[in-house]
Each structure stands twice: as C-alpha cells, then as structure tokens.
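Below is one structure; the comments refer to it alone.
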Amino acid sequence: MAIALALISVISCKNNQKNGQAEEAIDPETATEATINEKALEADLATLIESAKKIKPVPFIKAQKDGSLVLSEKEKMVKPGYLLNPSRANDLATLYQKYRAVGMFTADKNIAEMYEMPVTDYNESILKLLTDIDDEALMNFYTLPSYDIESNREAYEIFVDQEYEEGRANFFWDGITAAMVEQIYILTRDVDKFMPMFNDELASTITFNFICVHDGLTKMVQYYPEMESLNSVLEPLYVINAINVEQLRSQLLDVKADVEKAREFLLQ
C-alpha cells in the first residue's frame, strides 16, 4: 500500500511551465470542453511519464554478475524450450507487435546467453524490428549496453521523455509491458531455479512495476481505446503484490496460466 500511495503522489511539474511562463489556470465559467480535455490530458501525461520512469529492470544480467544465479555445465546442456523463436519477427505486421517483440526478444536473449546458446538470430531479429519501427529514441536506447541501462537511470528517463515527445507513448507502454510479461513468463517456467536472483527488495520491485503498468495502461486506454484488450488480458496479473521472496514465489505459481495467456496474446 505504501508503494501505491507513493506512486499516486508523484506528479511531474514539467508541464506546469511552458516557454518559461506559468500556464494559466482554467476558468470553469469560460473554458471550452476542448480546453478542459486538453488540460486533463496534460495532467495525465505528466503522471504517466513519472510512472514510466519509475519502472525498474528485472536483473537477469545482474544475477550472473553477482553470482546469485550460476548454471552448472550440466544445467546448460538442457536448453530451455520456452524461448520465442527469433524468426517470428518475420511474421509481425503491426507496430504494436513489433514494439512488443523487441522487449520480449531482449528478455529471451538474456536467458539464451545464460545457457550459452547462440544469440546471433536474436540480435538480427531485434535489429530488423528496430529498423522497421524507425524510432530513433528506441534505437538509441537499445544500443546502450545493458549494464548502462541498469546503472544509468538518466538514459532511461531521456528515452521515456523522447517517446512522449514523439507521440509514441502508446507504443512505449506496449513494449515495456511486453518485456515485463516475458520476464515474468520466464520466471514461471522454473520458479525455484530463478528465485536465487531475488531478495525481498527485488521481489518488491516486481510489485512496483505492476503498479506502474496498471496505472499507465488504465490511463492510456482513455486516449487509445485499442489498448483496452491488453489491459484486460493483464488483469489477472495485477494481483501480484509480493513484498518478499516467499510471497513472490507463491504468487508466480498462482498466475502461471494467466501469464501464458497474456504472452500468447502479445504477438497475435
């Protein structure tokens, strides 16, 4: 609850000023409906931007660096069969699908690296999708090494701002949501194997991210009705509210089937 209250209270003031001058207050007696709607949108966008910036990466890569999750040579011999085939990039037609696939392929590539599997196909598919999407901010963000993204929040926050400035907020939320669903899906494939990555703080991070996504998608639906189906398919996952490792383990097992359904939806 404390996390939710903190999130709700964070409202950006960046839209309170424009060209160095304070925005004028709305006079309810004279304001038109269009003006009121515009101001409401600006307020929502400010909140959405801050929600987006609070999302934190699930540390698949960090887990290897700090030694909390190390696969044995025997474990590496049994390759995971649940990863997406990078060739699926050739079948994607819409921008929504392509933004989603970039995040999902990136999560899968991290796991492939852990198992010492070839990742050339993932790299080529991600580059193909980024080229098709033609989003300079997204391209710049994905050319950063993963450890820079984890340690340099400024780069991520710049990416969020640029996506909003370019009118791609809907695609941003689709992509970030898909990446998170894929990460959760991976965790549910072998909960006990991946639990050593987590301490209570990181378990809380999972909960926090779902609060951010739930808040973001709920607001985005008002302006992008086509996102309602994505929000609906994620509804069963919003029950995740773990504040420690044991709660996270239990909740991941509970939502395993729902995560599978959400994942199947993302690339349809």
Side-chain angles (χ1 to χ4, degrees), residues 3-4 7-8 10-12 14-15 40-58 84 92-107 126 129-130 132-142 144 149 153 155-185 205-240 255 258-259 261-268:
I3 294 176
L7 177 61
I8 292 171
V10 177
I11 300 177
S12 172
K14 67 180 292 184
N15 288 333
L41 174 58
E42 289 179 0
D44 276 348
L45 287 180
T47 307
L48 279 164
I49 289 171
E50 290 305 316
S51 292
K53 289 180 179 179
K54 295 295 182 180
I55 293 173
K56 303 173 184 178
V58 176
L84 290 168
L92 305 179
T94 70
L95 277 176
Y96 279 116
Q97 290 174 326
K98 292 177 181 181
Y99 271 88
R100 293 170 183 174
V102 168
M104 296 171 78
F105 284 161
T106 300
I126 291 170
L129 291 168
L130 291 173
D132 290 348
I133 290 170
D134 192 23
D135 179 341
E136 183 177 358
L138 183 65
M139 178 70 82
N140 290 340
F141 183 67
Y142 264 85
L144 291 173
I149 296 171
R153 294 295 295 175
Y156 172 69
E157 292 176 3
I158 290 172
F159 167 56
V160 173
D161 285 334
Q162 289 176 336
E163 289 294 82
Y164 271 82
E165 290 166 3
E166 294 299 320
R168 294 177 180 256
N170 52 328
F171 296 120
F172 164 82
W173 280 102
D174 251 62
I176 204 78
T177 299
M180 188 162 59
V181 169
E182 187 69 3
Q183 290 172 343
I184 296 299
Y185 173 81
T205 294
I206 297 289
T207 295
F208 186 81
N209 284 350
F210 270 98
I211 291 173
C212 291
V213 166
H214 192 186
D215 180 65
L217 290 183
T218 300
K219 287 185 172 67
M220 290 300 293
V221 166
Q222 301 176 52
Y223 309 106
Y224 299 91
E226 68 272 19
M227 298 183 75
E228 174 61 40
S229 56
L230 174 61
N231 193 38
S232 295
V233 80
L234 291 178
E235 195 68 37
L237 307 187
Y238 294 145
V239 300
I240 294 177
V255 301
D258 295 312
V259 174
K261 293 177 183 177
R263 191 209 199 204
E264 290 175 3
F265 169 86
L266 288 170
L267 296 183
Q268 288 180 353

Find out whether Tyr156 and Ile55 are in side-chain contact, i.e. whether some heavy atom of one side chain is under 4.5 Å from a heavy atom of the other. yes
Side-chain contact test, heavy atoms from C-beta onward, threshold under 4.5 Å: evaluate it for Lys219 versus Asp215 and give yes or no. yes
Take a 6.0 Å sphere around CD of Glu226 and say whether it holds more than 12 heavy atoms from other residues, nucleotides or ligands. yes
Heavy-atom closest pair, residues Tyr164 and Ala169: CE2-CB, 3.5 Å
Working to the nearest 0.5 Å, report the span between CD of Gln183 and CG of Asn209. 8.0 Å
Looking at Ile49 and Val160, what are the two nearest heavy atoms and their distance? O-CG1, 4.0 Å
Name all residues meeting the salt bridge (Lys or Arg N to Asp or Glu O under 4.0 Å) criterion together with Asp135; count only those two or more places apart in sequence or in a different chain, and write none if there are none. Arg168
Distance col, row Glu157:CD vs Lys54:NZ, nearest 0.5 angstrom, shows 8.0 Å
Run the side-chain contact (heavy atoms from CB on, under 4.5 Å) check on Phe210 and Val239 step by step: do they pass? CA-CA 9 Å; Phe210 270 98; Val239 300; over 6 Å; no
Would you say the side chain of Ile176 lies within less than 4.5 Å of the side chain of Met180, judging by non-hydrogen atoms? no
Pick out which of Leu84, Asp258, Val233 makes a side chain to side chain contact (heavy atoms under 4.5 Å, CB included) with Arg263. Leu84
Calculate, to the nearest 0.5 Å, the distance between atoms CD and CD belonging to Gln268 and Gln97 respectively. 9.0 Å
If I compare all heavy atoms of Met139 with all of Leu130, which pair ends up nearest, and what's the gap? CE-CB, 3.7 Å
To the nearest 0.5 angstrom, please state how far the OG1 atom of Thr177 sits from the CZ atom of Phe172. 8.5 Å
Tyr238/Leu217 under side-chain contact (heavy atoms from CB on, under 4.5 Å): CA gap, chis, key distance, verdict: CA-CA 12 Å; Tyr238 294 145; Leu217 290 183; 3.6 Å; yes
Chi angles and distances behind the side-chain contact (heavy atoms from CB on, under 4.5 Å) call for Gln162, Leu138: CA-CA 9 Å; Gln162 289 176 336; Leu138 183 65; over 6 Å; no
Calculate, to the nearest 0.5 Å, the distance between atoms NZ and CG belonging to Lys98 and Asp134 respectively. 11.0 Å
Let me see the working for Leu237 and Ile184 under side-chain contact (heavy atoms from CB on, under 4.5 Å), right down to the final yes or no. CA-CA 10 Å; Leu237 307 187; Ile184 296 299; 5.6 Å; no
Applying side-chain hydrogen bond (donor to acceptor under 3.5 Å, both in side chains), name anything that partners Ser229, two or more places apart in sequence or on another chain. none
Check whether any side-chain heavy atom of Met227 lies under 4.5 Å from a side-chain heavy atom of Tyr96, and answer yes or no. yes
Got Met220 and Leu230 here, is their nearest side-chain heavy-atom distance under 4.5 Å? no
List the residues meeting side-chain hydrogen bond (donor to acceptor under 3.5 Å, both in side chains) with Glu264, not counting sequence neighbours, and say none if there are none. none
Heavy-atom closest pair (Glu163 atom, Tyr99 atom, distance to 0.1 Å) is OE2-CE2, 3.9 Å
Does atom CD (Glu166) have a neighbourhood of more than 12 heavy atoms from anything else shown, all under 6.0 Å? no
Do you know the tightest heavy-atom contact between Val259 and Val181? CG1-O, 4.0 Å
Just verifying a value: how many Å separate Ile206 CD1 and Ile211 CD1, rounded to the nearest 0.5 Å? 12.0 Å
What are the two closest non-hydrogen atoms of Tyr142 and Gly103, and how far apart are they? OH-CA, 3.7 Å
